[in-house]
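In what follows, every chain begins at residue 1, and chains take the letters A, B, ... in the order their sequences are listed. On a predicted model such as this, the values are computed, not experimentally measured, just so you know.
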Amino acid sequence: MIPTLVILLGPTGVGKTELSLRIAEHLSSPIISSDSRQLYKELPIGTAAPTAEQQTRIKHYMVGTLGLSDYYSASNFEEEVLSLLQELYKTHPAVVMTGGSMMYIDAVCKGIDDIPTVTPEIRNTLYTQFEQEGLSAILAELKAADPLHYEEVDRMNYKRVIHAVEICRQTGKPYSSFRTNTHKVRPFRILKIGLTRDREELCGRINQRVDQMMADGLLDEARHVYPFRHLNALNTVGYKELFNYLDGKWELDFAIEKIKRNSRVYARKQMTWFKRDPDIHWFHPDEEEKIMQLYRDLQ
RNA sequence: GGUGCCAUAGCUCAGUUGGUAGAGCAAAGGACUGAAAAUCCUUGUGUCCCUAGUUCGAUUCUUGGUGGCACCA
């Protein structure tokens, strides 16, 4: 009997958490979060992480496990979730995973190439160079060290360009030589459930949820992590806007409006990513019965 | 009531020495392999507030309105 990974995915605010609890109850399954920001234990409100009450109802994994300055990546997530699943499948025929971090989901489903982790020294050196000399010098280095990737990469996207050069410097080999583009085979079945709502409905929910977060104390949460605001973990919708308020640059109402807008922008980006995945079965979050039926049909 | 300033894309504004206009944000679409709620790319026709004039031609100058803001009463 091949175990199943039931993945509930969709844009932020669509209603994944609520539905995941019910689906997990039907399947007697724990829940793995595939959300790159719910991992941080200091951000429960702004990331709409499952509440203590919800976590009592269903055992959750990959929530609140990291400190803000901990290094983490999609590859770490892949590795951690795969070994977690191996354990869970000993006692559960199906496990639910839910969250909207597109790349993390893909890392679990397809795997990502084995690329070394960049040392902080190399990263810092390159970013200093980027600030002083601009991107063109780094692009020139990439062209020499990895002409193949130079042709392929989005040369306007400094993060991608710099990362490729980081790998070249660190390994002495071209970045492209690490990219095998292979789709790893998993020892479990994957059922991808996409949740969607029409735009107006989704926007309404996002706005309402942001107001609720503020009522729940998001501002205090942001204030609490404010000293660490330059960390990547805090380059996050809901926090970066409130930091501008705390810096005295924005009015509070304006910051809240921005959080709503940026959440909508994020939701759209998520949909762009998900749309191209033909394996996703799309449902409205209310269609719990249909989703369960699809699961049963697969067994 | 008087004087001055302003009225341009959904929003904030730039600009046209008179030849019907452009940035940022938003919006829409897209990319995405170890920082991904990140990062990046593409897409801008709008009675240039209304009216009358000057002019070959006015969104741009002039007259008179209307609305907003500021100051003076």
Side-chain angles (χ1 to χ4, degrees), chain A residues 9-14 16 33-40 43 45-49 66 68-80 99-120 122-124 126-127 130 135 139 149 152-164 166-167 170-171 175-184 199-200 203 206 209-210 213 218 222 230-244 250 254 257-277:
Chain A
L9 53 84
T12 189
V14 77
K16 295 186 290 291
S33 161
S34 50
D35 185 304
S36 68
R37 295 301 196 261
Q38 287 183 6
L39 287 161
Y40 296 98
L43 312 177
I45 299 172
T47 62
L66 296 180
L68 291 171
S69 58
D70 289 342
Y71 174 82
Y72 207 74
S73 74
S75 178
N76 294 327
F77 187 77
E78 174 190 5
E79 198 178 322
E80 236 180 304
S101 295
M102 304 83 84
M103 194 161 134
Y104 281 31
I105 296 168
D106 279 359
V108 170
C109 296
K110 300 189 256 187
I112 47 184
D113 290 325
D114 197 21
I115 297 171
T117 299
V118 177
T119 65
I122 288 182
R123 175 152 292 179
N124 292 339
L126 260 161
Y127 270 86
F130 172 56
L135 194 57
L139 270 169
H149 192 64
E152 285 177 356
V153 73
D154 175 357
R155 284 173 228 162
M156 302 298 277
N157 191 329
Y158 70 91
K159 283 202 178 190
R160 304 259 168 79
V161 172
I162 290 174
H163 183 243
E166 284 170 343
I167 297 300
Q170 180 157 323
T171 64
Y175 173 70
S176 53
S177 67
F178 294 94
R179 304 183 72 194
T180 61
N181 220 354
T182 50
H183 187 143
K184 291 181 194 162
R199 261 203 174 77
E200 214 175 308
C203 288
I206 286 172
R209 193 169 73 159
V210 171
M213 284 176 181
L218 180 59
H230 299 303
L231 294 172
N232 181 65
L234 291 170
N235 189 180
T236 297
V237 176
Y239 299 89
K240 52 185 174 186
E241 297 86 356
L242 289 177
F243 294 154
N244 277 326
W250 289 357
F254 183 77
E257 203 45 51
K258 279 289 196 184
I259 294 174
K260 292 174 181 175
R261 278 167 194 243
N262 287 337
S263 298
R264 273 180 258 150
V265 170
Y266 175 50
R268 199 152 42 82
K269 274 191 293 199
Q270 289 173 301
M271 285 309 290
T272 298
W273 182 295
F274 293 139
K275 262 189 270 181
R276 69 178 177 179
D277 186 343

Using a cut-off of 4.0 Å on non-hydrogen atoms, how would the nucleic acid contact of [X] be classed: base, sugar-phosphate, or nothing?
X        : result
A:Tyr40  : nothing
A:Lys275 : sugar-phosphate
A:Phe77  : nothing
A:Arg155 : nothing
A:Lys240 : sugar-phosphate
A:Thr47  : base
A:Thr236 : base
A:Asp35  : base
A:Lys184 : nothing
A:Gly111 : nothing
A:Arg199 : sugar-phosphate
A:Tyr239 : nothing
A:Asn235 : sugar-phosphate

Should [X] be listed as having a side-chain N or O under 4.0 Å from OP1 or OP2 of [N]?
X        : N     : value
A:Lys269 : B:A38 : yes
A:Tyr72  : B:G34 : no
A:Arg261 : B:C25 : no
A:Asn232 : B:A36 : yes
A:Arg37  : B:A38 : no
A:Arg264 : B:A26 : no
A:Tyr175 : B:G34 : yes

[Y] and [X], any side-chain heavy atoms less than 4.5 Å apart:
X        : Y        : answer
A:Arg199 : A:Arg264 : no
A:Asn76  : A:Tyr71  : yes
A:Val210 : A:Leu218 : no
A:Thr12  : A:Arg209 : yes

## Note on the structure
Residues A:Thr119 and A:Gln170: closest non-hydrogen pair is N-OE1, 3.0 Å

Residue [X], side-chain heavy atoms: nucleotide from [options] that is nearest:
X        : options             : answer
A:Met156 : B:A38, B:C40, B:G34 : B:C40
A:Arg160 : B:G34, B:A36, B:A35 : B:A36
A:Asn157 : B:C40, B:A36, B:C25 : B:C40
A:Thr272 : B:G30, B:A26, B:C40 : B:G30
A:Arg268 : B:A27, B:C41, B:A38 : B:A27
A:Met103 : B:A26, B:G34, B:A35 : B:G34

Could you work out the separation of [N] and [M] based on their [atom1] atoms and round it to a whole Å?
N     : M     : atom1 : value
B:U45 : B:G30 : C1'   : 24 Å
B:A9  : B:U47 : C1'   : 13 Å
B:G44 : B:U62 : C1'   : 32 Å
B:A21 : B:G15 : C1'   : 7 Å
B:G19 : B:U59 : C1'   : 12 Å
B:G67 : B:C49 : C1'   : 8 Å

Partner of [N] by Watson-Crick or G-U wobble geometry, both contacts under 3.5 Å, or none?
N     : answer
B:U45 : none
B:A7  : B:U66
B:A14 : none
B:A31 : B:U39

### Task
Scan A:Ile162, A:Val161, A:Asn157 and name whichever one has a side-chain contact (heavy atoms from CB on, under 4.5 Å) with A:Lys159.
A:Asn157

### Task
Evaluate the ring planes of A:Tyr158 and A:Phe130, with Trp represented by its six-membered ring, and classify them as parallel (under 30°), tilted (30 to 60°) or perpendicular (over 60°).
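Geometry flag for A:Phe130 against A:Tyr158: parallel rings.
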
### Aromatic ring pairing A:Phe243/A:Tyr239, orientation class (parallel under 30°, perpendicular over 60°, tilted between)
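Tilted: the ring planes of A:Phe243 and A:Tyr239 meet at 30° to 60°.
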
### Nearest-angstrom distance from the residue atom OH of A:Tyr158 to C1' of B:U39
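Distance check: A:Tyr158 OH to B:U39 C1' gives 6 Å.
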
### Query
5'-most contact on RNA chain B: A:Ser73 or A:Met213, nearest heavy atom basis?
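Nearest-nucleotide comparison on RNA chain B picks A:Ser73.
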
### Task
Specify the residue among A:Thr180 and A:Val265 whose closest nucleotide of RNA chain B lies further upstream toward the 5′ end.
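Upstream on the strand: A:Val265.
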
